[in-house]
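These notes concern the structure reproduced below.
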Amino acid sequence: FIGRRTGYTSQRVVIRTPIILVPSCTIMRIQTLTTIRPISILIGLLCKRCYAATNVLLLGDSMASFMGKTLESFCSDVQVKNAGIGGTTADEWAEATAEIISECADTSFDIVYISVGGNDLLSSDCTISSAALVKKIESAVENIVLNVAPGASTYVLTGYCLPHAPEDEVSGCSEPSDYNALSFAFSTMQSNGIEVEGSGSNIEIINSSNVCGGSSISFSNEMYFQDPIHLNSKGYCKVFTQETVQNALSCSDSGDVLDCNTIDFEIYGLESNCALGTRPSPTPPVPTPTPPLLTPVPTSTPPVPTPVPTPTPPVPTIPTAPVSAPTTDTSCSDSTLRFRTMNGLGTKVVWRDCTWVNNKPYRCNNEGITSHCPVTCNGCDTCQDSEARFKLVKDGRRIARNCDWVATKKTAIRCGYEGVAETCRDTCDACTEEDEGRDNNIFE
């Protein structure tokens, strides 16, 4: 600000209408000094084009993919490319190749954010040890650093906020303490660090498990979540405004402190996911909203806030399952048997159940899943066998078979094995007359 000394006193006088000069960007006239703090954020956004922003690539599971480009609201001077894929595990990222980010326009990044390990815990029903998780996460990080997105100066892992509720009441992840292995894994890596031989990059690890209010004896605060495990904008704010995270991501220091509890905007940039194989939503595209201007914590009595409408849930980049008319068919039920499918990257065969499908309904679009999980995927209007290969218990051992095997011989006996009748409804005559009527009169 421009100041001068008067001829009558030795005090410095600040001109009431100073000029703020922003090189190559803008000239603004500020009427009072009380506007200095709020305007600093606006100037920062206006001046992003005056210098090279930090390019950040997001990789990993839904902690990354559900973020869209929202990080740009919490870390100044960054430009984000999101190649996260919901539902993926550390094991899958340990086998991924650079092809996964080949559709991201600029494959040269300054910083790579990595979110892996959460689905490895959940898929084990929270029985995996922290030591096993560390090995899986370290393998994924090593592969990302050397093969998927090499050359970045820094790789950052923040871990996860403890959920605000169990994702699945019947799984082994029903209590806050069931998630201790994941928290311990990140604490261990934060203390010991991760070194990738052959890479001079810096790897920063921050354990964020308690940031959203959770602990080993209590779940996190619901206000930071859009569902039991996925963060909303408030939750992402809590994670990414930590000082350690800001430093790791090289965010510019604006001097302002944000109150994450008052932030209320829809996560944006979900339709811009550039991971290979992600597909646009079948619904009309959602326009990318302008990144919101965040208001810092006021130093004086705040004005009366304007009511904020309840935001609509963010639209993921992966299409949701088709919705059909509800059915009252009591004979129709999801199979209780685990079935064979491909992992999120399409690189490996995995075995999953209908609870896994229900957690993320877009999985109904995968081949054969609707016939195996007809209730979850709204497929009860047709009586049919599961098209998937499944595992059942026969003579005390688990074997992999399909409904053709059930129909080949000894059908009555094989339909009596646990879960088979619900899985092979047509072969085992488990359909009602209403089912058969619907199936036989579909052209009427």
Side-chain angles (χ1 to χ4, degrees), residues 87 122-125 166-174 282 318-344 346 348-444:
L122 294 176
S123 63
S124 76
D125 288 337
E167 185 183 34
D168 176 12
E169 294 287 353
V170 301
S171 75
C173 307
S174 58
I318 305 175
T320 56
V323 178
S324 60
T327 176
T328 57
D329 178 14
T330 56
S331 72
C332 181
S333 61
D334 287 343
S335 172
T336 58
L337 304 179
R338 296 174 74 86
F339 62 91
R340 187 173 69 176
T341 186
M342 298 301 293
N343 65 13
K348 185 173 65 174
V349 170
V350 293
W351 294 85
R352 297 290 185 260
D353 59 19
C354 291
T355 299
W356 173 80
V357 177
N358 187 57
N359 289 338
K360 295 181 175 64
Y362 62 74
R363 290 168 173 161
C364 290
N365 291 321
N366 293 353
E367 184 178 359
I369 289 184
T370 296
S371 61
H372 197 83
C373 309
V375 173
T376 293
C377 298
N378 296 303
C380 286
D381 55 342
T382 300
C383 178
Q384 64 179 112
D385 291 342
S386 170
E387 299 171 5
R389 191 169 180 83
F390 50 83
K391 288 186 176 181
L392 70 146
V393 176
K394 178 180 180 292
D395 299 330
R397 63 189 185 93
R398 194 175 299 275
I399 59 175
R401 294 291 187 269
N402 58 24
C403 290
D404 289 341
W405 172 81
V406 177
T408 301
K409 61 181 180 180
K410 300 181 180 178
T411 299
I413 295 175
R414 291 174 176 177
C415 285
Y417 295 139
E418 184 176 359
V420 170
E422 296 85 359
T423 305
C424 306
R425 291 193 296 151
D426 190 21
T427 294
C428 296
D429 293 327
C431 305
T432 64
E433 292 182 2
E434 182 181 0
D435 283 322
E436 295 171 352
R438 278 199 297 264
D439 195 24
N440 295 330
N441 294 281
I442 58 176
F443 297 107
E444 293 185 2

Practice task
Locate the shortest heavy-atom distance separating Thr411 from Thr427; write the atom from each residue and the value.
Solution key: CG2-CG2, 3.8 Å

Handout entry: Rounded distance [0.5 Å steps], CD1 in Ile369 versus OG in Ser335
Key = 12.0 Å

Practice task
Please check if the side chain of Asp334 supplies one atom and the backbone of Thr376 the other of a donor-acceptor pair under 3.5 Å.
Solution key: yes

Problem - N/O donor-acceptor pair under 3.5 Å between His372 side chain and Arg340 backbone - result: no

Problem - Side-chain donor/acceptor of Asp385 to backbone N/O of Asp426, under 3.5 Å - result: yes

Handout entry: Partner residues of Phe390 under the ring-ring contact (aromatic ring centres under 6.0 Å, His included) criterion, sequence neighbours left out
Key = none

Practice task
Anything under 30° is parallel, anything over 60° is perpendicular, the rest tilted; go ahead and classify Tyr417 against Trp405.
Solution key: parallel

Exercise for the section: Just jot down the salt bridge (charged side-chain N to carboxylate O under 4.0 Å, His left out) partners of Asp353, sequence neighbours excluded, or say none. Expected result: Arg338

Problem - Test side chain to side chain contact (heavy atoms under 4.5 Å, CB included) applied to Thr408 - qualifying residues, sequence neighbours left out - result: Arg414

Practice task
Taking the two cysteines Cys364 and Cys373, decide whether their SG atoms are closer than 2.5 angstrom.
Solution key: no

Practice task
Taking all non-hydrogen atoms of both residues into account, name the closest pair between Val375 and Cys332 and its distance.
Solution key: CG2-O, 3.6 Å

Practice task
Verify, without hydrogens or angle tests, whether Ser386 (side chain) and Ser371 (backbone) share a donor-acceptor contact under 3.5 angstrom.
Solution key: no

Practice task
Check Thr336 against Gly419 and note the closest heavy-atom contact, atom names and distance.
Solution key: OG1-CA, 3.7 Å

Fill in the blank from the handout: Heavy atoms of Ala388 and Asn402 approach each other most closely as O-CB, 4.0 Å

Practice task
Verify, without hydrogens or angle tests, whether Arg398 (side chain) and Lys391 (backbone) share a donor-acceptor contact under 3.5 angstrom.
Solution key: no

Handout entry: Side-chain donor/acceptor of Arg401 to backbone N/O of Leu392, under 3.5 Å
Key = no

Practice task
Enter the distance from Arg363:CZ to Asn358:CG here, rounded to the nearest 0.5 Å.
Solution key: 10.0 Å

Problem - Heavy-atom pair with the smallest gap, counting every atom of Pro166 and Ser174 - result: CG-O, 3.4 Å

Fill in the blank from the handout: Here the pair of heavy atoms bringing Cys354 nearest to Phe339 is N-CE2, 4.2 Å

